[in-house]
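Quick notes on the structure that follows.
If you read the sequence from its start, that first residue is 1, and numbering goes on from there.
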Amino acid sequence: MSSPRAVSERAVVFLIGAVQFVNILDFVMVMPLGPDFATGLGIATSHIGTIGAAYTAAGCVAGVAGSYFLDRFDRRKALAVAMLGLVVSTAAGGLATGLTSLLVARALAGLFGGPATSLSMSIIADLIPAERRGRAMGAVMGAFSVASVLGIPLALKLAGWAGWRMPFFAVAGLGMLLVAGAIFYLPPIRGHLEQQRGPVVSAKELFTRTDVLLSYSMTSLLNLAGFIIIPNISGYVQHNLGYPREELELIYFVGGLVSFVTLRVAGKAVDLLGSFRVGTVGSMLFIGTLYIVFIHPPAGVPLVAIFACFFLSMGMRNVAYSTLTSRVPEQSIRARFMSFQSAVQHLGAAAGAFLSSQMLTDLPDGQLGGMNQVVFVSMALTLMAPVMFFLVERRVLARDRVAAAPLAVVPVPTGGGSPRS
């Protein structure tokens with residue numbers, strides 16, 4: 001990795017985490033704010049998933065397009081362009097006047113947010129060695145926890161004080177400050193360009209590799225299972241469970257704290273135990289939590305405590321699969337791989353959000369109908385996750401063993417004869 005100035009691994013992780021904080025907050029705050037802007041713009045609550053799908057579907061398109069050119073540029077410069085577009089699109093969301101304009105703004109945000117995510121993960125994978133990458137991925141993904149602990153509660157508070165538009169403007173302004181700082185301190189990242197002097201791997205060649213196809217299948221599966229549920233959490237707990245709107249931020253605050261600890265512990269666990277074991281435990285915990293929250297809520301148990309388990313399971317799954325997929329590609333094709341990965345990730349999320357919007361209905365009393373069916377689909381998909389973790393990890397470990405094996409040495413005869421070729 002050629003870089004004209006040295007930057008510590010800790011600084012790289014912090015800077016990418018700051019960029020990811022803005023990127024993630026832009027995405028995750030929209031769903032908790034859903035009931036607010038649905039009321040303000042006259043949108044049905046069951047259509048909130050469609051708005052989430054607009055972002056993720058656009059991110060999928062951007063991921064496919066970006067796979068053809070992202071590896072041709074300095075990753076720092078490419079990240080700056082992607083984040084600038086994201087900030088402008090987020091501000092446009094605050095200017096929406098109806099469902100159509102909001103869908104367009106969120107689609108534009110997805111067009112820039114998708115490549116920003118893949119570039120961020122590529123930078124971490126480029127600059128952090130594999131033996132410490134799980135811990136680094138956990139720390140960077142801690143941006144999700146910070147967004148939950150601070151970002152979502154503050155966004156909900158801002159919406160309560162100044163209307164649902166204000167969080168969009170606030171995130172856009174914060175994004176300009178954090179992105180400028182992160183891009184200023186990040187070094188040029190061009191090591192992948194030096195490795196491209198040989199033959200370039202085409203998209204067709206990439207998709208003929210079994211490890212790549214398994215990785216993408218695992219990514220789409222996990223995101224489909226998650227995002228068939230996530231866009232509807234805020235509406236469900238308010239309308240179906242009767243949870244007060246003014247206390248909603250407490251769920252995300254506590255859940256974010258749990259995620260922050262989980263992502264750091266899970267990152268270390270992945271480095272020690274592997275992604276299959278950690279991801280399997282997280283998947284089983286996710287299934288159990290879905291059953292408790294949506295199918296059979298226990299009487300007398302605080303909803304905050306139950307959702308803490310939800311965030312715990314999501315954190316374990318996400319660190320395990322992100323670390324594992326970062327080990328699949330070589331450095332020279334990492335941004336191309338990650339860009340396709342981002343496309344697959346957003347496609348899975350969009351499919352989940354869109355599917356939930358088709359399965360759910362607004363009942364006369366304001367509740368969401370059809371949540372049980374949505375939850376059972378998510379549980380069934382999650383049951384397949386451990387198999388995918390096992391298959392991908394086995395491929396990666398087998399390849400690493402071959403690469404680490406010493407070259408065979410041909411013995412040279414010690415007699416008077418000449419060695420045979």
Side-chain angles (χ1 to χ4, degrees), residues 11-41 48 51-52 54-56 58-59 62 76-98 101-120 123 140-186 234 245 248-249 252-253 256 259-260:
V12 170
V13 170
F14 175 79
L15 295 173
I16 294 299
V19 171
Q20 280 296 90
F21 170 78
V22 176
N23 193 1
I24 292 170
L25 180 57
D26 168 80
F27 175 59
V28 300
M29 75 173 185
V30 174
M31 291 170 282
L33 288 171
D36 290 357
F37 63 69
T39 300
L41 297 177
I48 294 175
I51 296 170
Y55 179 101
T56 51
R76 181 185 64 166
K77 294 179 180 179
L79 181 62
V81 173
M83 289 303 296
L84 181 60
L86 177 66
V87 167
V88 173
S89 302
T90 301
L95 300 174
T97 57
S101 56
L102 184 58
L103 285 173
V104 171
R106 296 312 300 160
L108 288 174
L111 286 175
F112 292 101
T117 298
S118 60
L119 285 164
S120 296
I123 290 172
V140 168
M141 293 177 67
F144 173 83
S145 305
V146 177
S148 299
V149 172
L150 299 176
I152 294 179
L154 286 176
L156 290 169
K157 285 290 186 184
L158 276 176
W161 291 336
W164 66 267
R165 301 179 189 274
M166 185 55 64
F168 287 88
F169 299 140
V171 169
L174 179 62
M176 288 298 295
L177 295 176
L178 289 179
V179 171
I183 299 304
F184 177 78
Y185 285 107
L186 273 177
S234 180
R245 164 63 178 81
L248 184 62
E249 56 264 25
Y252 292 96
F253 178 78
S259 293
F260 184 76

Taking atom CG of Leu84 and atom CG of Leu79, what is their separation to the nearest 0.5 Å?
-> 11.0 Å
Go through the structure and list residues passing side-chain contact (heavy atoms from CB on, under 4.5 Å) with Val30, not counting sequence neighbours.
-> Phe37, Ile51, Arg106, Phe168
Nearest heavy-atom neighbours spanning Arg165 and Ala96 = NH1-O, 2.5 Å
Heavy-atom pair with the smallest gap, counting every atom of Pro167 and Ala159 = CG-N, 4.0 Å
What is the distance from atom CG of Leu108 to atom CG of Leu103, rounded to the nearest 0.5 Å?
-> 11.0 Å
How long is the span from the CG atom in Leu41 to the OG atom in Ser101, to the nearest 0.5 Å?
-> 7.0 Å
Heavy-atom closest pair (Leu158 atom, Ala170 atom, distance to 0.1 Å) is CD1-CB, 3.8 Å
Where at least one partner belongs to residues 169-181, residue pairs that pass side-chain hydrogen bond (donor to acceptor under 3.5 Å, both in side chains), sequence neighbours excluded | none
Test side-chain contact (heavy atoms from CB on, under 4.5 Å) applied to Thr39 - qualifying residues, sequence neighbours left out = none
Can you name the nearest heavy-atom pair linking Met83 to Ala116, along with the distance?
-> SD-CB, 3.6 Å
State the OH-CG distance between Tyr55 and Leu111, to the nearest 0.5 angstrom.
-> 10.0 Å
Which atom names give the shortest non-hydrogen contact between Val81 and Phe112, and what distance separates them?
-> O-CD2, 4.2 Å
Would you name the heavy atoms of Ala172 and Val87 that are closest together and state the gap between them?
-> O-CG1, 3.2 Å
